[in-house]
Amino acid sequence: MSSKEEEKPGKKALNFIEEIIEEDLRTGKNEGRVHTRFPPEPNGYLHIGHAKSICLNFGLAEKYNGLCNLRFDDTNPAKEEVEYVDSILEDVKWLGFQWHDKPYYASDYFDQLYAWAVKLILDGKAYVDDQTAEEIAANRGTPTRPGNESPFKNRSVEENLQLFEQMKNGEYKDGEKVLRAKIDMSSPNMHLRDPAIYRIKHAEHHRTGNKWCIYPMYDFAHGESDYLEGITHSVCTLEFEVHRPLYDWFISNLVETEYRPRQIEFARLNLNYTVMSKRKLLTLVKEKYVNGWDDPRMPTISGLRRRGFSPESIRNFAEKVGVAKRDNVIDVGLLEFCVREDLNRKVPRVMAVLDPLKIVIINYPVDQVEYLEIENNPEDEKMGKREMPFSREIYIEKADFMEDPPKKYFRLIPGGEVRLKAGYIIKCENIIKNDAADVTEVHCSYDPETKSGSDSSRKVKGTLHWVSATHALDAEVRLYDRLFLNENPDDVDEGMDYKSNINPESLRMVHAKVEPGLESAQVLDKFQFQRLGYFCVDMDSKPGKLVFNRTVTLRDSWVKKNP
RNA sequence: UGACCCAUGGUGUAAUUGGCAACACGCCAGAUUUUGGUUCUGGAAUUCAAGGUUCAAGUCCUUGUGGGUCAGCCA
């Protein structure tokens with residue numbers, strides 16, 4: 001080992017947010033407190049991109065002995081539902097994070113926010129505008145041209161106060177009036193051109209019911225909520241970078257303390273072969289391209305959970321993708337690597353045949369059954385052993401027999417030998433075909449001297465998985481593939497959209513034969529189907545009617561070379 | 001002809017803050033293997049461009065180029 005390596009014992013590089021935090025800690029900012037928050041809007045299910053943000057925010061709090069709030073950003077009753085609140089709570093918990101205290105809600109601050117809006121009016125920093133949404137948009141100008149002042153900008157404080165009160169009391173219809181901050185219509189930053197802070201919405205809110213018919217806008221609610229909760233580092237995605245001056249403006253004009261939460265932006269996660277926007281995911285659900293938010297093909301946390309991903313694998317993935325400010329597209333291969341890595345050492349191996357071909361062992365006694373001992377996980381001796389019934393008729397994969405094999409194919413071929421995992425070496429003696437010349441059965445002989453564990457010196461190149469035909473259980477297995485054909489689902493021809501890129505074969509169902517020990521498998525139990533991949537018991541599974549989802553295949557250097 | 005942000009192997013992220021460009025995934029080759037898995041060994045592949053400062057630039061300066069965000073009464 002070089003001296004250089006000894007100097008830095010495994011010290012991991014900091015990401016830019018950790019650097020900011022450590023600098024704040026060094027200078028004694030916020031009395032050394034670190035308090036983050038994860039602020040989802042309950043208008044959809046959480047996805048893997050949110051998982052990155054959850055891991056970041058909760059991880060930062062953990063690392064610096066701080067706190068992390070879970071706060072629902074529920075300021076738009078038109079889009080928000082308790083179903084989403086419940087799923088978010090469940091997903092964050094499942095990922096393994098503990099929020100500080102209790103779930104927080106921006107809606108808990110509606111009274112305070114209203115009072116602050118009144119304060120802005122009193123200070124001459126906000127006004128009620130009667131213009132329509134279209135007029136306001138037209139007068140906002142463009143990024144390269146300044147906007148025009150609203151004709152209502154110079155109303156008196158008294159009039160504004162009265163109008164705002166009337167808005168609150170329900171005297172106007174949706175869109176009739178809006179409260180705007182008085183900032184700068186010619187600012188090069190569009191967000192500073194008198195942004196709306198309160199709008200009228202006669203809608204029932206999932207928590208405040210019909211108490212309010214006016215609701216604060218995101219910009220007015222978010223930073224203030226951070227302030228009220230004592231957040232020190234308010235981490236959000238890049239598109240809010242332009243909002244930061246407004247975030248700071250509100251707090252500066254509302255309170256006089258020295259304490260200020262600081263907004264920091266990072267690049268959101270993008271994954272290839274999938275979509276991540278809530279709007280698109282909602283469409284896939286609503287238009288039935290998938291079977292719900294938790295469809296195992298969805299990049300949602302609930303979808304990944306049902307697919308068989310472990311929380312650890314997702315947290316590890318979030319760690320591996322890193323945190324920075326440049327746009328990125330992560331290869332799903334990395335996500336797949338993370339599950340395999342985790343499941344490889346944790347889950348038991350089991351035998352399942354997805355596409356059965358019957359093998360008759362012609363020199364094996366007709367009614368004999370013997371129980372073969374097999375390890376549950378070669379990576380972990382502590383996981384023990386189990387017994388599997390072996391008999392005269394067994395199933396192997398159709399793909400494990402070829403009459404006319406390519407070079408380097410070392411599975412079963414006419415006259416050839418293979419080992420049955422944990423069992424005997426068998427030799428192909430005879431092939432049975434139907435009228436269509438399909439192979440329907442293969443007759444083999446076995447060598448009783450080669451039982452697994454005996455010190456037979458015979459070696460064969462191939463080892464196959466198998467199940468005893470009379471003992472095997474039937475199971476439905478759902479084989480998933482990527483939801484989209486194109487690496488970038490939005491890469492489409494004129495007039496088409498991402499839906500035209502959906503992979504028609506993203507779900508394939510097969511009837512499999514699995515080893516009898518699987519009878520008692522419970523929903524969400526995970527296994528490695530020997531030589532095939534990792535599988536998970538689906539929630540549709542019932543005693544007597546097993547259903548498995550394929551989480552991911554094993555790496556396969558054979559198909560890679562022989563596509 | 002605006003403001004702001006970003007640019008390092010195929011992908012993502014580092015580089016002790018001006019000192020030998022590395023880590024992970026992927027890819028290729030080999031070894032091991034009763035999973036064509038796992039594990040192990042080796043290999044190919046990187047600083048957007050041009051100038052400047054400096055003994056020394058991925059890092060600092062200038063000018064370009066390319067990409068992204070912003071014109072909801074969404075978040």
Side-chain angles (χ1 to χ4, degrees), chain A residues 4 7-8 11-15 39-41 43 73-76 78-79 129 131-133 136-138 140-147 174-180 187-193 195-201 214-215 217-219 221-222 236-245 265 267 272 278-279 320-331 333-338 340-341 344-345 349 374-375 378-379 408-411 418-423 425 450 452-453 459-465 528-533 553-562:
Chain A
K4 207 169 178 181
E7 280 164 26
K8 351 185 257 174
K11 194 161 185 187
K12 242 198 124 252
L14 302 178
N15 64 50
E41 183 190 13
N43 68 342
D73 223 333
D74 54 351
T75 57
N76 184 359
K79 293 186 176 175
D129 197 337
Q131 293 181 103
T132 63
I136 289 180
R140 191 168 353 249
T142 70
T144 51
R145 261 203 331 277
D174 287 10
E176 223 174 309
K177 288 190 165 36
V178 67
L179 183 70
R180 292 228 259 169
S187 169
N189 182 337
M190 300 291 288
H191 295 278
L192 262 18
R193 320 245 263 227
I197 59 184
Y198 258 98
R199 72 307 206 174
I200 301 169
K201 263 182 200 290
I214 56 171
Y215 292 92
M217 297 286 293
Y218 164 85
D219 287 302
H222 198 95
C236 62
T237 44
L238 247 31
E239 67 270 25
F240 293 101
E241 205 151 28
V242 231
H243 295 238
R244 195 181 339 128
E265 311 84 12
N272 58 13
K278 278 200 209 172
R279 202 199 86 238
K320 280 190 153 67
V321 298
V323 178
K325 292 193 74 162
R326 60 179 132 159
D327 294 328
N328 61 81
V329 182
I330 309 290
D331 193 323
L334 184 62
L335 220 208
E336 295 174 349
F337 167 81
C338 290
R340 290 191 187 108
E341 183 187 44
N344 175 47
R345 52 196 173 83
R349 274 57 172 165
I374 180 169
E375 64 212 336
E379 303 296 310
K408 302 257 281 246
Y409 179 88
F410 42 82
R411 281 115 96 150
V418 291
R419 174 173 287 284
L420 295 174
K421 174 77 183 175
I425 291 176
T450 59
S452 184
K459 292 272 182 212
V460 287
K461 191 78 173 148
T463 301
L464 306 184
H465 63 279
Q528 183 195 104
F529 286 1
Q530 197 94 213
R531 296 211 302 137
L532 299 173
T553 60
L554 254 29
R555 283 183 68 215
D556 190 339
S557 52
W558 171 249
V559 266
K560 213 153 56 188
K561 280 183 239 175
N562 299 271

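Atoms considered below: every heavy atom in the structure, side chains included; atoms not considered: hydrogens, waters and symmetry mates.
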Query raised in the report: Picking from A:K79, A:R279, A:K278, what satisfies side-chain hydrogen bond (donor to acceptor under 3.5 Å, both in side chains) with A:N43?
Result: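 Considering A:K79, A:R279, A:K278, a side-chain hydrogen bond (donor to acceptor under 3.5 Å, both in side chains) with A:N43 is found only for A:K278.
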With a non-hydrogen cut-off below 4.0 angstrom, is [X] in contact with a base, only sugar-phosphate, or nothing?
X	answer
A:Q530	base
A:V460	nothing
A:E336	nothing
A:N189	nothing
A:L334	sugar-phosphate

Of the candidate nucleotides [options], which contains the atom at the shortest distance from the side chain of [X]?
X	options	value
A:N328	B:U34, B:C5, B:U13	B:U13
A:N344	B:U38, B:C25, B:A75	B:U38
A:P143	B:A71, B:G36, B:A75	B:A71
A:T144	B:G2, B:U34, B:C73	B:G2
A:A133	B:G12, B:C73, B:A75	B:C73
A:A13	B:G36, B:A15, B:C74	B:A15

For [N] and [X] - does any side-chain N or O of the residue sit under 4.0 Å from the phosphate oxygens OP1/OP2?
X	N	answer
A:R340	B:U38	no
A:K560	B:C27	yes
A:K320	B:C23	no
A:R199	B:A75	yes
A:R555	B:U38	yes
A:S557	B:G37	yes
A:T75	B:A75	yes
A:R140	B:C73	yes

Query - Contact nearer the 5' end of RNA chain B, comparing A:Y409 with A:V242 - result: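 That would be A:Y409.
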Query raised in the report: How do A:H243 and A:E239 order along RNA chain B: which one's closest nucleotide is nearer the 5' end?
Result: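 Closer to the 5' end of RNA chain B: A:E239.
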Report task. For B:G52 versus B:G68, give the span between their C1' atoms, rounded off to a whole number of Å. Result ->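 Straight-line distance between the two C1' atoms is 29 Å.
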Requested in this report: Provide the distance between the two C1' atoms, one in B:U59 and one in B:U16, to the nearest whole Å.
Outcome: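 Comparing C1' positions in B:U59 and B:U16 gives a spacing of 13 Å.
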Requested in this report: Using a 90° cut-off around 0 for syn, call B:G72 syn or anti.
Outcome: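 Because its glycosidic torsion lies within 90° of 0, B:G72 adopts the syn conformation.
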Report task. Enter syn or anti for the glycosidic conformation of B:U47, syn applying to angles within 90° of 0. Result ->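 Anti, which is what one calls it when the glycosidic angle falls more than 90° from 0.
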Query raised in the report: Does A:Y218 stack onto the base of B:A75, taking stacking as ring centres under 5.5 Å apart and planes under 30° apart?
Result: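 Aromatic stack with B:A75 absent for A:Y218.
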Query raised in the report: Hey, what's the ring geometry for A:W558 with A:F410, parallel, tilted or perpendicular (30° and 60° as the breaks)?
Result: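 Taking A:F410 first and then A:W558, their aromatic rings sit tilted (interplane angle of 30° to 60°).
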